[in-house]
Amino acid sequence: MGKKLSPQKALKDLSTIKNTIDRATGAEIFTNFIYSTGTLLAISGLVVIIGCIANYHFIATFGPTAAIKKAMIIMWVSISCLIGLVTLIMFAIQGKKHNMGFFSYYRHIANKAFLQIDIPLEIMCAIFIILFIKMRHYEFIIPACVIWIAVLFTSLGAVYVEKSFAIVGYIFLTCGAIGLLFMSHMQLFFVAGVFGVLPVILGLLMHGRYKQIREKHIAVLNPSDNRKEGAPPREE
Amino acid sequence: MNKNSIIKNKITQLEKVFQVPARLRIMSVLMANKKADFSELIEMLELTRGNLSMHMKMLEGCKYITIKKQFVNRKPRTTYHITSLGKKDFIMYIKMLEGIIASSKVT
């Protein structure tokens, strides 16, 4: 029998295993997270566009009666719930893909560093929204929600050093500011633009970014792809 | 051969295979991802081609991995898959390490 393993060596080996597994799964999880976020943005954008068309159609046909307003509120709450449900399902699917439970996957993405940046800013947004409700400036709630989303994306961009998240965050931030300053009387148009068209475009761009990262990854991993033409194939 | 000597032989084999950190890391990647390309492993583990090949041959000899060679877009690609024996023994090794640490805490 060989030399008996010391507790120090055992600890070192376990730590090596843990670090390697973290590294092996981390990159894959993150690129898939970019892909699923892009898909989620595109899906939610399409749903919101349909909602805006329906809202416009009903208001134009039946007028802004109390019943229609109530129906529209129910419709928008349903749309929000649907998007929330799709998000949860996507989290669950991604978690399963990486042999993790829903909460493990969530903890992996929303790690401590992310929460430290994100939570104070989100609390600030929530305070502003409550303030607008108290002051009865309901027209500012939607732009404030846009800024809330912007905070989420910029935090993801800062923590994961990923420019696609940061860019999406800054675009939403600009839109939120424009909404707060100039578009308080064009709510439906604003919603259609910022929650409908924009997420579809950004979602598709994020898919492009995902492909770019994958290709870059493959190019780094397969240096033989860049070899001169006619040179013998080299791997091992 | 009695049961004790079988266990002792198994432990010796595990220690021999996994005493090299590179092999431990290769098996960790394969445990996490089930399969990996040669280039992917080089990038992830920062090993030289020769070094990785040597360890892979050793792991293949132990029947811990299977090697699949194919051409993708006229370029050779070697993919390594972990076998069920590889998984079983790797988990056994982890349990063994945990056992060593736990027993050292008790004493």
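Chain A is the first sequence line, chain B the second, and so forth, proteins listed ahead of strands; every chain is numbered from 1.
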Surrounding [atom1] of [X] (heavy atoms of other residues, nucleotides or ligands, distance under 6.0 Å), is the total greater than 12?
X	atom1	value
A:Phe128	CZ	no
A:Lys9	NZ	yes
B:Lys88	NZ	no
A:Tyr106	OH	no

Q: Would you mind reporting whether B:Leu45 and A:Thr20 have side-chain heavy atoms less than 4.5 Å apart?
A: yes
Q. What part of B:Tyr93 is in contact with chain A, defined as an atom under 4.5 angstrom from a non-hydrogen atom: side chain, backbone, both or neither?
A. side chain
Q: Select one option (side chain, backbone, both, neither) describing which atoms of B:Gln13 are under 4.5 Å from chain A's heavy atoms.
A: neither
Q | Which atom of A:Ala10 lies closest to which atom of B:Ile100, heavy atoms considered | A |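 In terms of heavy atoms, the two residues are closest at CB-CG2, 4.0 Å.
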Q. Can you list every salt bridge (Lys or Arg N to Asp or Glu O under 4.0 Å) pair that touches residues 151-172 of chain A, not counting sequence neighbours?
A.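 Applying salt bridge (Lys or Arg N to Asp or Glu O under 4.0 Å) to every pair that reaches into residues 151-172 of chain A, excluding sequence neighbours, yields A:Glu162-A:Arg209.
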Measure the [atom1]-[atom2] distance between [X] and [Y] for me, rounded to the nearest 0.5 Å.
X	Y	atom1	atom2	value
A:Thr16	B:Met27	OG1	CE	14.5 Å
A:Leu14	B:Met96	CG	CE	10.5 Å
A:Ile17	B:Leu97	CD1	CG	5.5 Å

Q.
Which residues pass the ring-ring contact (aromatic ring centres under 6.0 Å, His included) test with A:Phe33, not counting sequence neighbours?
A. A:Phe165
